[in-house]
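Both counts, for ligands and for their atoms, begin at 1 and track the order of listing.
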Amino acid sequence: MKRALITGVAGQDGSYLSELLLSKGYEVWGIVRRNSVPEHQSSRIGSLGGLHLEYGDLLDSASLERCMRLAAPDEIYNLASQSHVRISFDIPQFTVQANAMGLLNLLEVYRKVAPEARFYQASSSEMFGNSVDPDGFQRETTPLNPVSPYGCSKVFGYNMVRNYRESFDLFAVNGILFNHESPRRGSNFVTNKVVKTAVQIKHKIAKQLVLGNLDSYRDWGHSKDYVRGMHMIVNHDSPGDFVIATGQTHSVRELCEYVFGKLGMDYREYVVQDPKFMRPSELTYLRGDSSLFRETFGWEPEYTFEALLDEMIEHWESVTVGPMAGSYTGLPR
Ligand code: GDR
C-alpha cells in the first residue's frame with residue numbers, strides 16, 4: 001500500500017486529491033493547521049474514512065518532521081499556501097513566509113527524513129505574470145514575470161524545487177496549474193463568488209454582485225481533472241515540471257454573462273465594480289498550453305468551462321434553497 005502526505009489537505013485540491021488517492025488504495029495523511037473553529041476546515045474531509053489528520057504548520061519545522069516520520073510517505077504533495085492573490089497584497093510578509101519559507105522548511109524535512117519519497121509542489125500560472133508567448137499562450141518555457149507577492153513567493157518555490165532536484169538528486173516536481181475551480185472553491189475566488197451571489201440574487205437573498213476587474217482573462221478548469229494530473233506527474237518515470245491547463249480562456253465578464261444567463265438574468269443589471277476588489281497590479285491574460293503534459297500522459301480534461309459552472313450553479317442552488325439550505329457550506333463566509 002502506498003502512503004501519501006498532503007499539506008493543505010483541507011482545501012479544495014487537498015480534499016479531491018485525498019479522495020482520489022484513497023480510491024486508489026493509498027494510506028493518506030493530511031496536515032491541518034489549528035483553527036479556532038475546527039468545523040470550518042474539516043467539514044469536507046472529516047468524514048473521509050481512512051484519512052489520517054495531524055496538526056502541523058509549514059512555519060513549524062518540528063511539526064513537519066513529526067508528520068513526515070508518522071506518515072513515512074512515498075509521495076508528498078505540498079498544496080498548502082496563502083493562495084489568494086489580492087489578499088497577498090494585504091499580507092505580503094505572511095504570504096511569503098508561508099509559500100516560500102514554508103515550502104523550504106518542508107523541502108528540508110523531506111531531504112533529511114524521506115529522501116526516497118516523491119515531492120509535488122503546487123506551482124502556479126500566477127508565476128508568469130504578464131508574460132505571454134507570441135502565439136498567445138503560456139507554457140513551461142515562458143519567462144516568469146510575477147506581478148503579485150503571491151506570484152513572487154511561488155516563483156521562489158518553483159526554483160527551490162528545481163534546485164533541490166538537481167542538487168540532491170531528489171524526485172521533486174512542479175505542477176504549473178492554471179486556475180481550477182469546483183463547488184469546493186473558497187467563495188472569495190471569482191468563480192464561486194459570481195455563482196454563489198448570482199444564485200442568491202435569483203432567490204432575492206442578495207441584490208447585487210460587487211466585483212473588481214471584469215476584463216481579465218483566465219484559463220479555468222476543474223480541480224478534479226487537475227488533481228488527477230498531479231498524481232500522474234508524481235508517478236512519471238522521471239521528474240519534470242508540467243503545465244496543466246485547458247487551453248481555453250474567458251474573461252470575468254464572460255463568466256458573469258454565462259452564469260447570470262443560465263439563471264435567466266442579465267448580469268449588466270446586477271454587477272457593480274468596486275476598487276476594493278481591484279489589484280495594485282493585475283495579471284490580465286492567462287491561456288495555458290499543456291501540450292507537453294497531454295502528450296506525455298494522455299490527459300484530457302473531463303469538464304468544459306460550461307460543465308464546470310453548471311456543477312457550481314447546481315451546488316449553490318442546493319445549498320441556497322434546496323434540501324441542504326442553511327447547512328454549513330451555505331453560510332456566508
Ligand atoms: P487568481 O484567481 O487571482 O487568478 O488566482 P481569482 O479567482 O481570485 O481571480 C481571477 C480574476 O478575477 C478578477 N476579479 C476578482 N477576483 C476575486 N477574487 N474577487 C473579485 O471580486 C474579483 N473581481 C474580478 C481578478 O482580478 C482576477 O483577474 C487563482 C488562485 O487560486 C491562485 O492561488 C492560483 O495560483 C491561480 O488561480 C492559478
Side-chain angles (χ1 to χ4, degrees), residues 8 11-14 16 78-91 95-96 98-100 102-103 121-130 138 142 144 146-158 174-182 184-198 206 208-223 225-227 229-230 243-246 249-259 267 270-288 290 305 308-309 312 333:
Q12 167 187 264
D13 293 0
Y16 282 124
N78 183 36
L79 310 185
S81 77
Q82 191 304 89
S83 65
H84 200 286
V85 174
R86 193 192 55 74
I87 295 173
S88 79
F89 287 97
D90 299 337
I91 48 170
T95 301
V96 172
N99 300 3
L103 169 271
Q121 165 64 2
S123 285
S124 162
S125 52
E126 188 70 18
M127 300 190 304
F128 296 118
N130 286 315
Q138 292 95 0
T142 305
L144 305 181
V147 293
S148 63
Y150 171 83
C152 294
S153 72
K154 283 289 177 179
V155 170
F156 175 91
Y158 168 82
N174 288 289
I176 306 170
L177 270 52
F178 282 59
N179 298 53
H180 46 287
E181 320 292 313
S182 76
R184 298 182 188 177
R185 186 61 142 149
S187 54
N188 57 356
F189 293 94
V190 78
T191 53
N192 224 0
K193 182 173 172 180
V194 169
V195 174
K196 175 185 173 179
T197 314
Q208 61 178 19
L209 168 60
V210 188
L211 292 176
N213 184 8
L214 300 182
D215 297 311
S216 54
Y217 283 77
R218 289 293 183 273
D219 178 330
W220 280 295
H222 197 298
S223 170
D225 281 329
Y226 288 35
V227 301
M230 294 177 189
V243 160
I244 307 184
T246 69
T249 190
H250 297 274
S251 65
V252 174
R253 192 179 297 282
E254 288 164 6
L255 164 74
C256 292
E257 201 169 3
Y258 181 81
V259 173
Y267 80 95
Y270 304 100
V271 173
V272 295
Q273 284 178 285
D274 185 331
K276 189 170 115 183
F277 295 110
M278 305 276 188
R279 294 153 189 209
S281 57
E282 171 71 289
L283 194 169
T284 51
Y285 182 88
L286 280 175
R287 185 175 189 188
S290 57
F305 175 70
L308 161 69
L309 293 174
M312 293 172 71
R333 279 186 280 168

Checklist outcome for this item: Here the atoms of ligand 1 under 4.0 Å from any heavy atom belonging to K193 are 20 (C), 21 (O)

Checklist outcome for this item: ligand 1 atoms nearer than 4.0 angstrom to some heavy atom of S124 are 34 (C), 35 (O), 36 (C), 38 (C)

Answer with yes or no whether [X] contacts ligand 1, where contact means a heavy atom under 4.0 Å from a ligand atom.
| X | value |
| --- | --- |
| H84 | yes |
| R218 | yes |
| K276 | no |
| L177 | yes |
| Y217 | no |

Checklist entry - At a non-hydrogen distance cut-off of under 4.0 Å, which region of V85 contacts ligand 1 (side chain, backbone, both, or neither)? => result side chain

Checklist entry - Which pair of heavy atoms, one from V227 and one from D13, lies closest together, and at what distance? => result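 Distance-wise, the nearest heavy atoms are CG1-O, 3.6 Å.
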
Checklist entry - Between the side chains of D225 and H180, does any donor sit under 3.5 Å from an acceptor? => result no

Checklist entry - What protein heavy atom sits nearest atom 32 (C) of ligand 1, and how far away is it? => result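 The closest heavy atom on the protein side is S83 O, 3.3 Å.
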
Checklist entry - What residue and heavy atom of the protein are closest to atom 28 (O) of ligand 1, and at what distance? => result S216 OG, 2.6 Å

Checklist entry - Going through the distances and angles, do E282 and R218 end up as a salt bridge (charged side-chain N to carboxylate O under 4.0 Å, His left out)? => result CA-CA 12 Å; E282 171 71 289; R218 289 293 183 273; 3.5 Å; yes

